[in-house]
Student: 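Here's a structure for you.
Below, chain A is the first sequence line, B the second, and so on; all start at residue 1.
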2 protein chains.
Amino acid sequence: MIKYAKSFCVLAEELHFNKAAARLHLTQPALSYQIKKLEEQLGCILLKRSPHKVLLTEAGMILARELSAALNHVNGAFQMAQDAARGDSGALVIGYCELPEAGNMTAAIRRYTDLYPGVDVTLINMPTIEQVDALTAGSLDVAFLHPPLNAPQLVMRPAGEELIVAALRADHALAAQPALQLAELKHERLIVCAEQLGPIMYNSILAACGKAGFQPKLREEMFRWHSMLDQAASGLGVAFVPASLSGTHPLLVFKPVEDLGVKLLTAIATVGDPTRPAVIRFIETARSCQARC
Amino acid sequence: MIKYAKSFCVLAEELHFNKAAARLHLTQPALSYQIKKLEEQLGCILLKRSPHKVLLTEAGMILARELSAALNHVNGAFQMAQDAARGDSGALVIGYCELPEAGNMTAAIRRYTDLYPGVDVTLINMPTIEQVDALTAGSLDVAFLHPPLNAPQLVMRPAGEELIVAALRADHALAAQPALQLAELKHERLIVCAEQLGPIMYNSILAACGKAGFQPKLREEMFRWHSMLDQAASGLGVAFVPASLSGTHPLLVFKPVEDLGVKLLTAIATVGDPTRPAVIRFIETARSCQARC
DNA sequence: TTTTCTGATCAATAATTCTTATCATAAACC
DNA sequence: GGTTTATGATAAGAATTATTGATCAGAAAA
């Protein structure tokens with residue numbers, strides 16, 4: 001019954017078997033057959049035929065009106081399924097750490113929303129450790145976070161790395177130099193990120209200082225990069241922060257530390273290999289962004 | 001593509017090819033074939049199959065949800081067409097004269113609205129002559145009116161007849177008699193309906209009086225039966241009205257006039273033979289009502 | 001009247017969809 | 001750990017269904 005629906009709708013528009021058949025890429029007898037079949041199954045006459053005019057009956061008029069709307073509905077359903085398969089539908093919740101530039105995230109998201117406008121993208125800012133829980137709990141689809149992590153359920157994809165640099169007040173004695181050596185910071189208080197947040201990074205910094213021949217004086221260990229900048233800006237010490245923060249604070253200058261060599265890694269994480277097309281497409285897009293950027 | 005929609009929806013509910021095939025009165029290979037075809041044409045995978053479980057993909061979930069709604073829409077369209085063909089849809093505007101009982105109209109309408117609840121029935125009260133215009137203009141589908149009429153475009157179907165009786169005050173000298181003779185009304189003023197409204201009836205009454213040997217004294221000719229009753233109730237004369245008005249006025253008694261023999265005819269009129277199922281069904285219903293009542 | 005245009009019908013053909021039988025696979029069970 | 005069982009895929013042939021081209025019949029227009 002439903003399979004002749006399209007034919008009937010076209011015929012109802014044309015009110016002419018030959019023209020309608022042509023539009024349907026059929027011959028006229030085929031269309032006559034279909035409409036006859038449809039009328040038989042429906043148990044009612046849809047068109048009054050005569051050799052020189054074809055008219056819809058009342059039932060035909062109603063069917064034409066309702067059916068064309070319903071067929072649009074059906075086509076919409078197919079379209080939505082195809083969009084969903086392409087990844088261009090549904091919602092995508094992305095977690096990110098404090099640094100939106102880490103792993104080219106903003107570029108990736110811009111490109112992704114261009115390519116897949118049907119996806120409802122939500123960004124949620126949370127620290128790496130919380131992201132792991134959120135991913136596991138399913139409240140995040142994908143996360144930009146900072147490895148290494150002990151989370152075997154997650155699949156991590158390297159997304160970028162940036163050097164740790166020293167942030168110091170613009171009026172600091174060392175601020176004029178283009179680059180620093182660790183030893184020059186021997187007598188400064190160092191503002192570093194908390195060990196829990198990044199044990200590798202924390203320990204790498206301590207090790208580098210030891211190699212440079214001193215035991216650093218540490219200030220309180222911080223949980224947010226921007227808090228560290230604020231402390232440094234208050235003159236309470238020199239902060240070690242990722243290079244992408246350079247220029248983000250008016251009172252501070254950011255200098256590479258030549259013998260530090262510690263990097264902040266960023267990875268794109270998901271729980272296992274994603275199955276949702278929208279997630280797969282996002283990761284693809286993010287990787288293609290890295291490749292080109 | 002659309003022809004497998006139903007199969008997919010059932011499969012999406014069952015998530016089991018054999019069970020779904022059984023529900024569809026198909027064998028499992030046939031269903032596998034259909035779904036495969038659907039996936040090919042759609043260009044995406046709708047189900048993840050494994051020998052011990054079948055799961056919808058994201059596209060499949062969306063398609064199942066949207067498509068079942070759309071298919072309901074389609075089935076609704078077919079249903080509406082069938083209802084329309086049965087006559088159980090659309091609007092029906094019925095005109096009637098002052099006497100709702102004429103031609104068993106109320107019984108016919110009650111029966112019709114029971115049988116065809118989908119039709120939106122409207123009743124409009126207007127005099128016979130206006131009904132002719134309204135029918136011709138298309139603002140009435142069918143009318144209960146009083147022939148004869150000179151209106152060749154209308155098809156009339158006899159729907160009933162009733163005697164004209166005399167309505168007189170309960171305190172009238174003649175009110176005690178079971179029936180009257182015309183001659184007894186010789187000296188009364190007679191209240192009759194206007195000649196324009198019913199030339200045949202008007203002339204028949206005059207002729208009957210002549211035969212009874214007198215020229216009646218007529219009061220102003222009236223255009224509405226109920227006005228005639230009001231006049232009679234005021235003691236201004238004896239009204240000649242259709243029998244169905246008997247008992248409708250507290251101050252009046254209604255008496256047959258044995259040698260009058262004038263009848264009010266009622267007919268069901270349409271413009272030509274109706275083509276709209278709702279109209280055809282109404283006329284059928286009204287006739288079956290007459291047959292039985 | 002004749003012509004023309006239109007849709008219906010028919011028989012043959014083509015396409016499709018279905019069925020039966022069989023296979024391959026993964027979970028469940030002893 | 002091997003065996004059983006349940007399940008879906010596949011293939012070949014059969015059945016059904018749809019399409020075509022040719023032809024017919026009827027109504028409007030010329």
Student: To the nearest angstrom, how far is A:Arg49 atom CZ from D:dC24 atom C1'?
Tutor: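 For the pair A:Arg49 CZ and D:dC24 C1', the rounded distance is 17 Å.
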Student: Can you check side-chain contact (heavy atoms from CB on, under 4.5 Å) on A:Val132 and A:Leu149, steps first, answer last?
Tutor: CA-CA 9 Å; A:Val132 174; A:Leu149 284 168; 3.6 Å; yes
Student: Would you mind reading off the distance between B:Tyr33 atom OH and C:dA15 atom P, rounded to a whole angstrom?
Tutor: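 Interatomic distance, OH of B:Tyr33 to P of C:dA15: 13 Å.
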Student: Taking the side chain of A:Thr27 as its heavy atoms from C-beta onward, which of D:dT20, C:dT17, C:dA21 lies nearest to it?
Tutor: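 Closest nucleotide to the A:Thr27 side chain: D:dT20.
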Student: Between A:Arg281 and A:Glu284, does at least one N-O distance fall below 4.0 Å, as a salt bridge requires?
Tutor: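 Judged by the 4.0 Å cut-off on N to carboxylate O distance, A:Arg281 and A:Glu284 do form a salt bridge.
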Student: In residues 50-60 of chain B, which ones come under 4.0 Å of DNA chain C, going by heavy atoms?
Tutor: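 Within this stretch, B:Pro51, B:His52 sit under 4.0 Å of the strand.
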Student: Using only modelled atom types and a 3.5 angstrom limit, is any donor from either the side chain of B:Gln28 or the base of D:dA9 paired with an acceptor on the other?
Tutor: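 Counting by modelled atom types and ignoring angles, a donor-acceptor contact under 3.5 Å is found here.
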Student: Separation of A:Leu11 atom CG from C:dT6 atom P, in whole Å?
Tutor: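 My rounded result for the distance is 14 Å.
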Student: Could you tell me the separation between the CD1 atom of A:Ile35 and the C1' atom of D:dT17, rounded to a whole number of Å?
Tutor: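 Nearest whole value for this atom pair: 16 Å.
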Student: Nearest to the B:Ser32 side chain among D:dG8, D:dT19, C:dC18, which nucleotide is it?
Tutor: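 Minimum distance to the B:Ser32 side chain belongs to D:dG8.
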Student: Counting only side-chain heavy atoms from C-beta out, which of D:dG8, D:dA11, C:dC18 sits nearest to B:Leu26?
Tutor: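 Among D:dG8, D:dA11, C:dC18, the one nearest the side chain of B:Leu26 is C:dC18.
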Student: Take the protein atom CE of B:Met1 and the nucleotide atom P of C:dT17, then report the distance between them rounded to whole Å.
Tutor: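 Roughly 14 Å, once rounded to whole Å.
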Student: For the residue pair A:Arg157 / A:Thr270, report whether a side-chain donor-acceptor contact shorter than 3.5 Å exists.
Tutor: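 Short answer, yes.
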Student: For the side chain of A:Lys3, starting at C-beta, report the closest nucleotide among D:dT19, D:dA18, C:dT9.
Tutor: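 It is D:dA18.
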Student: Closest to the B:Phe17 side chain: D:dA22, C:dT6, D:dA9?
Tutor: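 In terms of side-chain proximity for B:Phe17, the closest of D:dA22, C:dT6, D:dA9 is D:dA9.
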Student: Do the side chains of B:Glu14 and B:Arg23 get close enough for a salt bridge, i.e. N-O under 4.0 angstrom?
Tutor: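 Judged by the 4.0 Å cut-off on N to carboxylate O distance, B:Glu14 and B:Arg23 do form a salt bridge.
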Student: Does D:dA6 have its OP1 or OP2 closer than 4.0 Å to a side-chain nitrogen or oxygen of B:Asn18?
Tutor: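 For D:dA6, OP1/OP2 do not have a side-chain N/O of B:Asn18 under 4.0 Å.
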Student: Should we say atom CG of A:Asn150 is surrounded by more than 12 heavy atoms from elsewhere, each under 6.0 Å from it?
Tutor: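 No, CG of A:Asn150 has 12 or fewer neighbouring heavy atoms, counting only those of other groups under 6.0 Å.
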Student: Looking for any heavy atom pair under 4.0 Å, which part of the strands does B:Lys48 touch: base, sugar-phosphate only, or nothing?
Tutor: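 Result for B:Lys48 = nothing.
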Student: I want to check one thing: is the phosphate of D:dA6, taken as OP1 and OP2, less than 4.0 Å away from some side-chain N or O of B:His16?
Tutor: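 The answer is no; no side-chain N or O of B:His16 sits under 4.0 Å from OP1 or OP2.
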Student: Tell me the interatomic distance from A:Lys37, atom NZ, to C:dG7, atom P, rounded to whole angstroms.
Tutor: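 So the NZ-P distance, A:Lys37 to C:dG7, works out to 21 Å.
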Student: Would you say the ring centroid of A:Tyr116 lies under 6.0 angstrom from that of A:Tyr112?
Tutor: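 Yes, the ring of A:Tyr116 comes within the 6.0 Å limit of the ring of A:Tyr112, centre to centre.
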Student: Regarding B:Arg49 and B:Glu39, does a basic nitrogen lie under 4.0 Å from an acidic carboxylate oxygen?
Tutor: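 Here B:Arg49 pairs with B:Glu39 in a salt bridge, since their nearest N and O are under 4.0 Å apart.
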Student: Round to the nearest Å and state the distance from A:Glu14 atom CD to C:dC5 atom C1'.
Tutor: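 Computing the A:Glu14:CD to C:dC5:C1' distance gives 17 Å.
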Student: What's the CG-C1' distance between B:Leu47 and D:dT7, to the nearest Å?
Tutor: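 Going from CG in B:Leu47 over to C1' in D:dT7 covers 14 Å.
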